[in-house]
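Below is one structure, written out as structure tokens, with a few remarks after it.
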Amino acid sequence: MDQLQRKLRDYEAAMFQQGFLDDQFSQLQKLQDDSSPDFVIEVMTMFFDDSEKLLNNISRALEQIPVNFKQIDAYVHQQKGSSASVGAARVKNICATFRSFCEAQNRDGCVSCLQQLQKEYSQLKKNLQYLFRLQQEFKAAAGSIPTGE
């Protein structure tokens with residue numbers, strides 16, 4: 001049990017140290033309690049669903065001729081906001097750069113940012129899914145998920 005708890009805490013700490021997550025994710029975790037034990041997983045699942053739709057919309061919009069940079073910027077702005085609200089720091093930071101390429105109407109820069117965004121999003125999702133699996137294993141063994149405090 002101690003080994004699983006240590007593995008869980010170390011993995012979560014690494015996600016913060018590597019910049020995948022910021023304090024906003026910790027705030028989400030604090031909202032989770034016995035009355036809503038899957039709160040963070042539910043919020044992040046909605047984030048994943050929304051992100052995939054937005055990334056697909058951005059990708060399709062970049063294929064259009066002429067490119068509607070204003071529409072792409074709106075999608076990226078939405079992605080940035082949802083990323084910020086769940087503590088997805090690296091995704092949020094790429095969105096800030098992406099928006100500057102939209103403003104400059106730089107299609108190549110936008111395409112490059114989209115590739116980075118897709119990569120960071122995929123890595124974040126993979127990392128969080130693993131973290132949630134560890135939490136579920138710990139919960140099954142201990143009866144509850146340890147808090148980071």
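Keep in mind that what you see is a predicted model, and the values were worked out from it rather than measured. All residue numbers in this chain count up from 1 along the given sequence.
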Just wondering, do V76 and L114 contact through their side chains at under 4.5 Å, heavy atoms? no
Test Q27 against K30 for side chain to side chain contact (heavy atoms under 4.5 Å, CB included), laying out the working first. CA-CA 5 Å; Q27 297 302 318; K30 289 177 184 174; 3.9 Å; yes
Report, one line per pair, each donor and acceptor closer than 3.5 Å where one atom sits in a side chain of residues 79-93; sequence neighbours left out.
residue: Q79; atom: OE1; partner: S51; partner atom: OG; Å: 3.4
residue: Q79; atom: NE2; partner: S51; partner atom: OG; Å: 3.0
residue: Q79; atom: NE2; partner: S83; partner atom: OG; Å: 3.2
residue: S82; atom: OG; partner: Q78; partner atom: O; Å: 3.3
residue: S82; atom: OG; partner: Q79; partner atom: O; Å: 3.2
residue: S83; atom: OG; partner: Q79; partner atom: O; Å: 2.7
residue: S85; atom: OG; partner: S82; partner atom: O; Å: 2.8
residue: R90; atom: NE; partner: E120; partner atom: OE1; Å: 2.9
residue: R90; atom: NH1; partner: Q18; partner atom: O; Å: 2.7
residue: R90; atom: NH2; partner: E120; partner atom: OE1; Å: 3.2
residue: R90; atom: NH2; partner: E120; partner atom: OE2; Å: 3.1
residue: N93; atom: ND2; partner: A89; partner atom: O; Å: 3.3

To the closest 0.5 Å, what do you measure between CG (L128) and CD (E12)? 9.5 Å
Residues in side chain to side chain contact (heavy atoms under 4.5 Å, CB included) with Q105, at least two apart? F69
Validation row: Q129, R133 side chains within 4.5 angstrom (heavy atoms): yes
Has the side chain of T45 got a donor or acceptor atom that lies under 3.5 Å from a matching backbone atom of I41? yes
Under a 4.5 Å cut-off applied to non-hydrogen side-chain atoms, are M44 and F132 in contact? yes
State whether the side chain of S122 and the backbone N or O of Q118 hold a donor-acceptor pair below 3.5 Å, judged by distance alone. yes
Would you mind reporting whether F47 and L28 have side-chain heavy atoms less than 4.5 Å apart? no
Which residue pairs satisfy the salt bridge (charged side-chain N to carboxylate O under 4.0 Å, His left out) criterion with at least one member in residues 45-54, sequence neighbours excluded? E52-K125
Side chains of R107 and I72: does their closest heavy-atom pair fall under 4.5 Å? no
Return the minimal non-hydrogen interatomic distance between I94 and Q116, and the atom names on each side. CD1-O, 3.7 Å
Under a 4.5 Å cut-off applied to non-hydrogen side-chain atoms, are F25 and F20 in contact? no
What distance separates Q136 CD from L134 CG, expressed to the nearest 0.5 Å? 10.0 Å
Are the side chains of F39 and V43 in touch, meaning some heavy atoms are under 4.5 Å apart? yes
dist I58:CD1 -> Q71:CD (nearest 0.5 Å) comes out at 10.0 Å
Heavy-atom distance under 4.5 Å between the side chains of S36 and E42, does that happen here? no
Applying side chain to side chain contact (heavy atoms under 4.5 Å, CB included) to E137 and L8, what does each step give before you reach the verdict? CA-CA 10 Å; E137 286 176 32; L8 175 59; over 6 Å; no
Could you tell me which residues satisfy ring-ring contact (aromatic ring centres under 6.0 Å, His included) with Y11, sequence neighbours excluded, listed by chain and number? Y130
Taking ring-ring contact (aromatic ring centres under 6.0 Å, His included) as the cut-off, I'd like each qualifying pair that reaches into residues 71-121, sequence neighbours left out, listed once. none
So which heavy atom on D38 is nearest to which on K139, and how close? OD1-NZ, 3.8 Å
Rounded to the nearest 0.5 angstrom, the SG-CD distance for C110 and Q115 is 11.5 Å
Applying salt bridge (charged side-chain N to carboxylate O under 4.0 Å, His left out) as the test, list every pair that has at least one member in residues 68-79; sequence neighbours left out. D73-R99
Give, for atom CG of L62 and atom CG of N68, the distance between the pair rounded to the nearest 0.5 Å. 10.5 Å
Nearest 0.5 Å, what's the CG-CD distance between D10 and Q5? 10.5 Å
